[in-house]
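Everything on this sheet refers to the single structure shown next.
Just so it is clear: chains get the letters A, B, ... in the order the sequence lines come, proteins before strands, and each one is counted from 1.
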Protein chains: 2
Amino acid sequence: MIHDYSFEDKVLLAVDCIIFGFDEEDLQILLIKRDFEPEKGNWSLMGGFLKKDEDLDQAANRILHHLTGINNVYMEQLYNFSKVNRDPAERTLSVAYYALINIAEHRQELTENYSAKWFKISDYPSLIFDHDQMVQKAIARLRYRTSTNPIGFELLPEKFTMRQLQKLYETILNEKLDKRNFINKIKSLDILVKLNEKDMVSSRKGSFLYKFDAKKYNAKVEEGFSFRL
Amino acid sequence: MIHDYSFEDKVLLAVDCIIFGFDEEDLQILLIKRDFEPEKGNWSLMGGFLKKDEDLDQAANRILHHLTGINNVYMEQLYNFSKVNRDPAERTLSVAYYALINIAEHRQELTENYSAKWFKISDYPSLIFDHDQMVQKAIARLRYRTSTNPIGFELLPEKFTMRQLQKLYETILNEKLDKRNFINKIKSLDILVKLNEKDMVSSRKGSFLYKFDAKKYNAKVEEGFSFRL
DNA sequence: TTTATTAGTGTAGATTTTACACTTAGTAAA
DNA sequence: TTTACTAAGTGTAAAATCTACACTAATAAA
């Protein structure tokens, strides 16, 4: 039984972020080229180290903000990766977080001020250390989470079309969905508001825009409703 | 961009284990009375600190074995708890793991050699630090995991009756299940073997014993089967 | 031999999921 | 202004799954 903490080993704790975006057709992740050794010049998740006066959520937000200028997005802790030699330079553990970004809203700030680059999930370079494993685990978690919570909307503009939403789920779940069945399902959930506004980009006819109604959703949850796609 | 790791803060990393058992009627957790300050004399999860030459899975197994004599059980990393003042004595983070134990098989060694005690999930003392939160999160994860993976069997003896299995799921999911529907569902999964043996304890008639057929399950998974209860 | 107790079994109705094809609205080109 | 083009939008029948429900069977103890 341990009494005196001072005999215990301390470790460096990194926080690495899998940042997801969605752009019309593809689920994407935001990567940076590492500019220091080891693995200098190779692609990497965004990361940093936990400081002693912050918790992990704060660290993840700080790191995301520092490297991208982005604030206030959906983030969730994923897993603590701890293999002894995962970082050849020194013993570090890394707590992975994933974040959901609305690409369109943040494209400017990202490309103007930071050296990050978006890659399609279906075709991204291999990453340093165990970062590939982190991405795979993040995708699995994202699949589960988007099926049980209405967080997919975080990846879309505030106003979106049914086709965008469907395409998003198809991409995340990696399966083709039937248009009518999908719309019927979504409508039956009754957590969207249909706007009197059309998106005219995707077709001549134009398609109606919808918004996620968070207030309605929360009220329904109070009454026992649970989202399930 | 960080270059020299030596300027970064290091932290103490604890590993705490939520150890689940199941005993006829109730889901239980194994707790110990803390015998050092702070919070001496209060009930606590089993924990210890990560050593620099082991990964978290190893640490969790070592701690479990050291405090209970138990080896080779199902364990899964849960979450990394990191609130700055969660341990008033010193800044520590804690990675929670949960374990599934077949109580009957381990009762002897536990009560003979160690000072741990089983408590019903429905009625256990309040715990030190953020350990109550850990337990709640572990229950939620257990609920999800047992619905999507055949790990419930880890909590039962190798040979078990349908009623035991049903009672187990009822307890974990916290809802009453219909006997016939449950059995039909389980049978349709086709991953159990019925033995020519009866358990005569629970009734005069006796009830047939079953075993989980891991080989068959794995073969089915290969072919695209997925467990879902 | 009777009694008491839990094990074990099937089905009809309700609900949910799936598969599937044509019309409409609007733009752009002729 | 007519025509052609493109993606949006809509409903239903069949299949699959889920749910509710009650009696008989086997055995040990009295």
When rounded to whole Å, the CD1 to C1' distance for the pair B:Ile186 and C:dT9 reads 16 Å

Min side-chain heavy-atom separation B:Leu192-B:Lys211 under 4.5 Å: no

Distance-only donor-acceptor test, B:Arg180 side-chain atoms vs D:dA22 base atoms, 3.5 Å: yes

Which of C:dT6, C:dA4, D:dC21 is nearest the side chain of B:Asn181? It is D:dC21

The test is side chain to side chain contact (heavy atoms under 4.5 Å, CB included); show your working for A:Met75 and A:Asp57 and say whether it passes. CA-CA 8 Å; A:Met75 284 192 103; A:Asp57 288 359; over 6 Å; no

Could you give the CG-to-C1' distance, from A:Leu177 to C:dC20, as a whole number of Å? 16 Å

Contact nearer the 5' end of DNA chain C, comparing B:Arg204 with B:Asp178: B:Arg204

Test A:Tyr74 against A:Asn102 for side chain to side chain contact (heavy atoms under 4.5 Å, CB included), laying out the working first. CA-CA 10 Å; A:Tyr74 180 89; A:Asn102 167 356; over 6 Å; no

Rounded to the nearest angstrom, tell me the gap between atom CD in A:Glu175 and atom C1' in C:dT18. 13 Å

Can you tell me the distance, in whole Å, between the CZ atom of A:Arg228 and the P atom of C:dT15? 20 Å

Tell me: CG of A:Leu189 to C1' of C:dT16, nearest whole Å? 13 Å

Centre-to-centre under 6.0 Å for B:Phe153 and B:Phe212, is that the case here? yes

Protein-nucleotide distance (A:Gln164, atom CD; D:dA7, atom C1'), rounded to Å: 14 Å

Can you tell me if the side-chain N/O atoms of B:Arg163 get under 4.0 Å from OP1 or OP2 in C:dT6? no

Please report, rounded to the nearest Å, how far the C1' atom of D:dT17 is from the CZ atom of B:Phe182. 17 Å

Show, in sequence, the C-alpha distance, side-chain angles and deciding distance for B:Lys167 and B:Phe22, and conclude whether the side chain to side chain contact (heavy atoms under 4.5 Å, CB included) test is met. CA-CA 10 Å; B:Lys167 192 77 198 146; B:Phe22 179 72; 4.0 Å; yes

Quick one: which of C:dG26, C:dT6, C:dA19 gets closest to the side chain of A:Lys205? C:dG26

Check the distance between D:dA20's C1' and B:Lys176's NZ and give it to me in whole angstrom. 15 Å

Ignoring backbone atoms, test whether B:Lys198 places a side-chain nitrogen or oxygen under 4.0 Å from the OP1 or OP2 oxygen of D:dA26. no

Which is more 5' along DNA chain C, the nucleotide nearest A:Lys179 or the one nearest A:Ser203? Just name the residue. A:Lys179

Out of C:dG10, D:dT27, C:dA7, whichever nucleotide has its closest atom nearest the side chain of B:Asn184: C:dG10

